[in-house]
**Q** 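Below is the structure I would like to discuss, written out as C-alpha cells.
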Amino acid sequence: MVAEQSLMDGLSETLKRIWGFESLRPLQQEVVESSLANRDAVVVMPTGGGKSLCFQLPALLSSSLTVVISPLIALMKDQVDALRVVGVEAAALNSSMDEEEEADTRRKVLRGEMRLLYVSPERLLLSSTLELLRQAKVARFAVDEAHCISAWGHDFRPEFRQLGRLKELFPGIPVQAFTATATPQVQRDIAIQLRMERPRRFVGVFDRPNLTYRIVAKDDAVRRTIEAVQRYPNEGVIVYCLSRKDTETIANALVANGIEAVAYHAGLPNETRRRISEDFAQERANIIVATVAFGMGIDRANVRCVIHECLPKSMEGYQQETGRAGRDGMPSECVLLYNHGDVIRLKRLLDGSDRELVEHQNRLLEEVRRFATSHQCRHKSLSEYFGQEYVSTEEGGCGACDVCLGGMKLLEGSTEIAHKILRAIASLRINNGVAFWAAVLTGSRAKRITDRGADRAEGFGSFSSETTDRVTTWIHQLLDLGLLVAEEGQYATISITEEGRQVLASEADVELIENSALIQPAKARKSKSGTVTEVPGMDHALFERMREWRKQTAQEQSVPAYVIMHDLTLMRLAAIRPSSIDGLKEIPGIGYRQSENYGQALLDLIAASGLPTDQDKPGATARPKQTALPNKTASYATGFQAGLSVAEMAEKNGTTERTMWDHLATWVEVARPDSISTWVPVEIQEKVKKAIGKTGEDLLKPIFEELGGEISYEHIKVVRASLG
Ligand code: ADP
Ligand code: ZN
C-alpha cells in the first residue's frame with residue numbers, strides 16, 4: 001500500500017515532466033491505479049480517450065517492463081515513435097527490424113532498461129520471445145485492440161485467440177485489455193478468452209462531443225464527397241469505401257476535380273501502402289480514399305473529417321472508423337452518405353456458409369441501417385447503442401449532428417409523392433430494381449422502359465421535372481420505411497409490401513425527408529487559415545509556419561507529425577508566444593524531451609514572426625479579456641446588480657436563458673461583483689476553479705471534460721469570468 005501511494009505521488013510529476021500534461025483524466029486515473037495494484041482489467045475507452053497513457057504510465061512509475069500486444073506493426077511503430085519523442089525507452093519486436101536492432105532491444109530488455117516492449121501475438125508466442133520474457137521479468141501485459149480476440153467483435157483475428165495461453169505461460173502476471181469499441185457481450189468475451197482473474201471493468205463515456213455527425217442522402221456519391229472534402233482544405237480527411245474499385249473511382253473523380261487524393265486498399269503492394277500511410281502521418285498527403293484496410297494504426301491526430309461513402313457493416317465499425325476523426329479533441333466532422341441501395345449491396349455480400357454468423361452480421365447491418373434512417377440525435381443513438389444514456393448539454397439537442405442542427409426537413413407534399421410511387425409500383429407488375437423505377441417515374445423513354453411497356457404505366461413521368469437522383473432517394477426511403485421491399489439476391493427487384501398496400505388503401509400519411517444536402521450544402525465551418533477551430537489570440541500565419549516546421553521535422557525523423565506536437569499545442573504556442581524555454585514548458589502538451597529537442601526551433605519561429613511575445617504582454621493570457629460592456633449587456637446590468645436570476649432576466653427581457661447566461665458572463669467579467677453565488681452555487685464554483693487550475697482557462701471544452709461533463713457550460717463561463 002505504502003509503495004503504491006508513493007507511486008501515485010510520482011504520477012503527477014511524471015505526467016508533467018514526460019508529456020507536459022497537467023493531470024490524468026478521471027478514468028485514466030482509475031485504470032492506472034488498478035494496474036499498479038496488479039489487477040486484471042478490461043478497459044473500454046473511446047478513441048482519443050487516452051488509452052495509451054493507461055499502460056505507459058504504470059511502466060514508467062514502477063520502472064518495470066510492460067509488454068504491449070498489438071495487432072499491427074504500423075500501430076506499434078507509431079506508439080514507439082511517440083514514446084521516443086518524449087524520451088521513454090520503448091521498442092517493438094517485429095520482423096521488420098534488423099539483427100542489430102533486435103540484439104540491442106533484447107539487451108535492453110534483459111538489463112531492465114526497457115519500459116515498453118511491443119509485440120504481435122504471433123511473435124509473442126515464438127519460443128525465442130517467451131524465453132526472453134521469462135528471463136526479463138515482465139511486470140504486466142497490455143493487450144491493445146483487444147476486441148480482436150472476440151468473434152462477436154467487428155474485427156476478429158484468430159491469432160489473438162492464442163493469447164488465452166498468457167495466464168498459463170506467465171502465471172500471476174496481470175493482464176489488461178484495451179479497446180475502443182466493445183459491446184458488453186464483447187467485454188465479457190475478452191475477459192473469458194484471456195482467462196482473467198477477477199477482472200475489473202472500466203468503461204468510458206462513448207460519446208465524442210467534438211465530432212459532428214451528418215448523414216446525407218447518397219444521391220450522387222462523388223458530388224457529396226467533393227462537397228464534404230472541400231470544407232477541409234489542407235486538413236486530414238479519410239473517405240471510406242466498400243470496395244477497392246470504389247476507392248479508385250472516387251479518388252480519380254476527386255483528382256479530376258482538382259483535389260489531391262490517393263486511393264488505398266489491401267490490393268496495393270505493401271511498399272505502396274506503407275508509403276501512403278507514412279505520407280498521411282507526416283502530412284504530405286491529406287486525403288485518403290480507402291477501404292477499411294486503412295484502419296488501425298492510422299493515428300494521425302488531426303483528421304478533421306471522416307466520410308463514409310458506403311454504409312459501414314456495423315455500428316461498432318462506424319464508431320471505430322469515425323473514431324479516427326478528431327483524436328486530438330478538436331472539432332471534426334463525420335459524414336455518412338446513405339441510401340438503401342447500400343443495404344442491398346451489403347446483404348448480397350454476406351457469406352452464406354455459416355448460418356449463425358450470417359444472422360449475426362445481418363443484425364449488425366440492420367442496426368446501422370436503423371441508425372442511418374432514424375430521426376433521432378446521432379450522439380444519442382450512438383451512445384444508446386453502446387448502452388449509455390446520453391444527456392445533451394445544449395438546449396435543443398447536441399448541437400453537433402444533422403438532426404439537432406436542423407438539417408433534417410420534412411419533404412413538402414411527401415404523402416402525395418409517396419402514394420404516387422407506391423401506386424406506380426403496385427400497378428405494374430414488372431420485376432425490376434430501384435434504378436428502373438426512378439427512370440419510369442421521371443419519364444425516361446429509354447429502350448428498356450418502352451420495351452416493357454412501362455411508359456404506359458400509371459405514374460410514368462409523374463416526376464418528370466425532378467432529377468433521377470432525387471426520386472431515387474425517395475424510393476430508398478420507402479424501402480427503409482418497409483412500404484417497399486427489395487428481394488434478396490442478385491437482382492434486388494422491388495415490390496410493394498402489405499404495409500405499403502395498407503398505406504395506399506387508407507390514404508395514410510407518409511413522411512419523407514428532404515435531403516438537406518440537395519437544398520443547402522452544409523456551410524464551411526473553417527476560418528481563413530483552413531483550420532477548423534482556433535485558440536483565441538493565436539496568430540494564423542505563425543501557426544501555419546509551425547505546422548510547416550512540424551511537417552519537415554516529421555519527415556527528417558521519419559515519425560508521424562502528430563507525435564512531435566499536436567495542433568492544439570501549436571495553436572497555444574501561436575497564441576501565447578513564449579520567449580523562453582521555461583515559458584515553453586508551461587504550455588500543456590510539451591514534455592521535457594520535446595522542449596529540449598524542439599524548443600529552440602519553436603522559439604526561433606516565434607522570434608522571427610516579430611509578434612509580441614509573453615514578455616511583451618505581461619500577464620496576458622490567450623483569452624482576450626472583456627474590458628467594457630457591450631451595449632446590450634449594459635442594459636441588463638441593473639438587473640444583474642439587483643441579483644435577479646437568469647430565468648427572471650430572460651423572461652423580463654424576452655430573450656432565451658442561454659443568451660442571458662452569456663450576458664451574465666460578460667457582465668461578471670467587467671463589473672466584478674463581490675459574489676456570483678446568486679447564479680452559481682458555491683460548491684460548483686469551487687469545482688470549476690479547481691478544474692481550471694488544471695486545464696487553464698483558454699478553452700471551455702477541456703474544462704467541461706475535466707469536470708466529467710457534470711457542470712454546464714453556462715456555469716463554467718460565469719465562474720471563469722469571475723476569475724479575472
Ligand atoms: P486512444 O489510444 O484512446 O485513442 P491516445 O492514447 O492516443 O488515445 O490519446 C489521445 C490523445 O489524448 C493524445 O493526443 C494524448 O496525447 C492525449 N491525452 C491523453 N491523456 C491525456 C491527459 N491526461 N491530458 C492531456 N492529454 C491527454
Ligand atoms: Zn444531435
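Keep in mind that this is a model prediction, so the values were computed, not measured. These numbers come from the heavy atoms of this one structure, side chains and all, not from hydrogens, waters or symmetry mates. For ligands, and for the atoms within them, numbers begin at 1 and follow the listed sequence.
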**Q** Would you call E706-K690 a salt bridge at under 4.0 Å N-O?
**A**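 No, E706 and K690 are not salt-bridged.
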**Q** Check side-chain contact (heavy atoms from CB on, under 4.5 Å) between E367 and all other residues, then give those that pass, not counting sequence neighbours.
**A**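 Only M315, R370, Y385 meet the side-chain contact (heavy atoms from CB on, under 4.5 Å) criterion with E367.
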**Q** Under 30°, 30 to 60°, or over 60°: which ring-plane class applies to Y562 and H566, parallel, tilted or perpendicular?
**A**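 Taking H566 first and then Y562, their aromatic rings sit tilted (interplane angle of 30° to 60°).
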**Q** Test the R300-F280 pair against the cation-pi criterion, namely NZ or CZ under 6.0 angstrom from the six-membered ring centroid and within 45° of the ring axis.
**A**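 Verdict for F280: a cation-pi partner in R300.
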**Q** Applying salt bridge (Lys or Arg N to Asp or Glu O under 4.0 Å) as the test, list every pair that has at least one member in residues 40-65; sequence neighbours left out.
**A**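 The answer is D40-K167.
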**Q** Tell me the residues surrounding ligand 1, counting only those with a heavy atom closer than 4.0 angstrom, sorted by chain and number.
**A** F21, S23, L24, R25, Q28, P46, T47, G48, G49, G50, K51, S52, L53, R327, H566
**Q** Under the 3.5 angstrom rule, does the side chain of E145 hit a backbone N or O of T179 as a donor-acceptor pair?
**A**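 It does not hold such a pair.
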**Q** Distances under 2.8 Å only: what protein N/O/S atoms are near the Zn ion (ligand 2), ordered by chain and residue?
**A**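 Per the 2.8 Å query on the Zn ion (ligand 2), atoms found are C377 SG, C398 SG, C401 SG, C404 SG.
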**Q** Centroid separation under 6.0 Å, is that true for the rings of Y713 and W661?
**A**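 W661 vs Y713: aromatic centres not under 6.0 Å.
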**Q** Determine, for R284 against D279, whether the closest basic-nitrogen to carboxylate-oxygen distance falls under 4.0 angstrom.
**A** yes
**Q** Ion pair present between K380 and E389, side-chain N to carboxylate O less than 4.0 angstrom?
**A**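 The answer is no: the pair does not qualify as a salt bridge.
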